[in-house]
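Read through the structure below, which is laid out as structure tokens, and then see the notes.
Only this structure's heavy atoms are used, side chains among them; waters, hydrogens and symmetry mates stay out. Proteins get letters first, then strands, A, B, ... in listed order; numbering begins at 1 in each.
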Number of protein chains: 2
Amino acid sequence: MPRGRRRGSPPTRQTILAAALGRFTNEGYDRASLRDIATDAGVDPSLIIHYFSNKETLFAEALHLPRISEALHRTLEAAGPGSEEELGAHIAQALVGLLEVSTLAPAVTALIRSAASNEDVSRILREFLTRTILRRITASLTAPDPAFRAALVASQVLGVMMARFVLRLEPLASADPGLLARVIAPNLQHYLTGDLGGYNHPERQSAPPWS
Amino acid sequence: MPRGRRRGSPPTRQTILAAALGRFTNEGYDRASLRDIATDAGVDPSLIIHYFSNKETLFAEALHLPRISEALHRTLEAAGPGSEEELGAHIAQALVGLLEVSTLAPAVTALIRSAASNEDVSRILREFLTRTILRRITASLTAPDPAFRAALVASQVLGVMMARFVLRLEPLASADPGLLARVIAPNLQHYLTGDLGGYNHPERQSAPPWS
DNA sequence: TTCATAATTCAACATGTGTATAAATTAGGA
DNA sequence: TCCTAATTTATACACATGTTGAATTATGAA
């Protein structure tokens, strides 16, 4: 390849971001190398550094968490009035829909994959969940122990995404998105408003250290 | 350090395995380097290769999946008669108990962490889940679509472990194990024997490709 | 035209990785 | 005692990684 600027103004920046997202999605932060991303984008690794300074900011820009957060909020608000009895179904539909249809699915998958191996990304995902999803759920709940309920919801959502996108556990991996939403909705609802069986009767257990 | 065999017969093999399990648990397969493991064990990296030939078999021996599998089976059988209505509670108690009390928790955590970034480990975990847990659940179910139900159970279990051990999402991360088992049991039970809301009415969705 | 600036690659560096080979020391049986 | 096998480190190789600095070419404004 000849050196120097190319003729015309090809949108190399976006090309790099797309390639990066693809690699981060399929291999996670650690295994996705700048050289592979550069090859996918038809570009030299140095150009990536020139545009994004280092691998971490490339990761951040490729995933673009604020976009995910905004889309999630919009979808949740568009789901209708915040009736507490329908919240489980709303969350289920919003999340599954978001993951399947939109262009955000790769970003979320990359986030989960990378969080498992990279402590920094793990912190990012944890804070993202806490800040955007859990806080919102917590705020609209009247049942006791809303934070614990919200974390339970998050665990089920994480599990489905893990089984479906990372582990590819059949037949869940190829299940219809709408069906999946309908199936997990009652369980989410149970976590949100159901009886948590003993959580409020601490004489049956050791004292929870966070209370 | 002087070369050559040490005086006495210290159980270095076990020391290495313990150090390896610790590193694999906290950092996953990729980020846990042989050199770090060797340092933890107070030993030269070459000794690890001499004992285990390569990193993969060290990983396999440190995790010792057959032990996990056997312990799981024993716990499940000790949980009493396989009544279909109590299966959810049994699985919940067995899994949570296994993860909290015994020495197997690090192995499972390491497995999940590593599966997210390493495709080989991902395959191992998938096959392990399918072979030992899912097949067992599937076999004792009379409800329709047992494989799908088993996969849903697996997703919730995966999610709890992910939130608790990998992401450390509070307050779930510090929740009492027994409480956790009681809380997720009804949802597991719903997946196992409950109404899956539309799964058997395929006119509402696109045909599932695995049927 | 001229000149600054943006875009792009090349070559290289420093570091970290898994692993192989050879050497050194000790233990245990003949 | 001597020999063989087991244990342990030192050295080094080959490779992959993120990153840097210089070199080269195109664009657009003055």
State the CD-CG distance between Q156(A) and L152(B), to the nearest 0.5 angstrom. 7.5 Å

The residue, R13(A) or N54(B), whose nearest nucleotide of DNA chain C is more 5′ is R13(A)

Donor-acceptor pair present, R35(A) side chain and dG18(D) base, under 3.5 Å: yes

Take the protein atom CZ of R6(A) and the nucleotide atom C1' of dA6(C), then report the distance between them rounded to whole Å. 13 Å

Please state how far atom CD in E56(A) lies from atom C1' in dT19(D), giving the value in whole angstrom units. 14 Å

Side chains of Q189(B) and T193(B): any donor to acceptor distance under 3.5 Å? yes

Distance check needed: dT26(C) P versus R5(B) CZ, whole Å only. 10 Å

Rounded to whole Å, how long is the line connecting atom CG of L34(A) with atom P of dA14(C)? 19 Å

When you match G4(B) and R31(A) each to their closest nucleotide on DNA chain D, which lands nearer the 5' end? G4(B)

According to a strict under-4.0 Å criterion, is S33(A) in side-chain N/O contact with OP1 or OP2 of dT17(D)? yes

S46(B) near the nucleic acid: base, sugar-phosphate alone, or nothing, with a heavy-atom cut-off under 4.0 Å? base

Interatomic distance, I49(A) CD1 vs dC13(C) P [rounded to whole Å]: 18 Å

Rounded interatomic separation in angstrom, taking CG from L47(B) and P from dT26(C): 16 Å

Nearest whole Å is fine: how far is dT17(D) C1' from Y29(A) OH? 12 Å

Side-chain donor-acceptor pair under 3.5 Å between D30(A) and S117(B), yes or no? no

d(CG, D36(A); P, dA16(D)) in whole Å: 10 Å

Are OP1 or OP2 of dT7(D) and a side-chain N or O of T12(B) less than 4.0 angstrom apart? no

Map D30(B) and M1(A) onto DNA chain C by nearest heavy atom, then report which one ends up closer to the 5' terminus. M1(A)

Are any of Y51(B)'s side-chain N or O atoms less than 4.0 Å away from OP1 or OP2 of dT8(D)? yes

Comparing A32(A) with P45(B), nearest DNA chain D nucleotide closer to 5' gives the residue P45(B)

Strictly by modelled atom types, are S174(B) and E170(B) linked by a side-chain donor-acceptor pair under 3.5 Å? yes

Hey, are D36(B) and T39(B) close enough side-chain-wise for a donor-acceptor pair under 3.5 Å? no

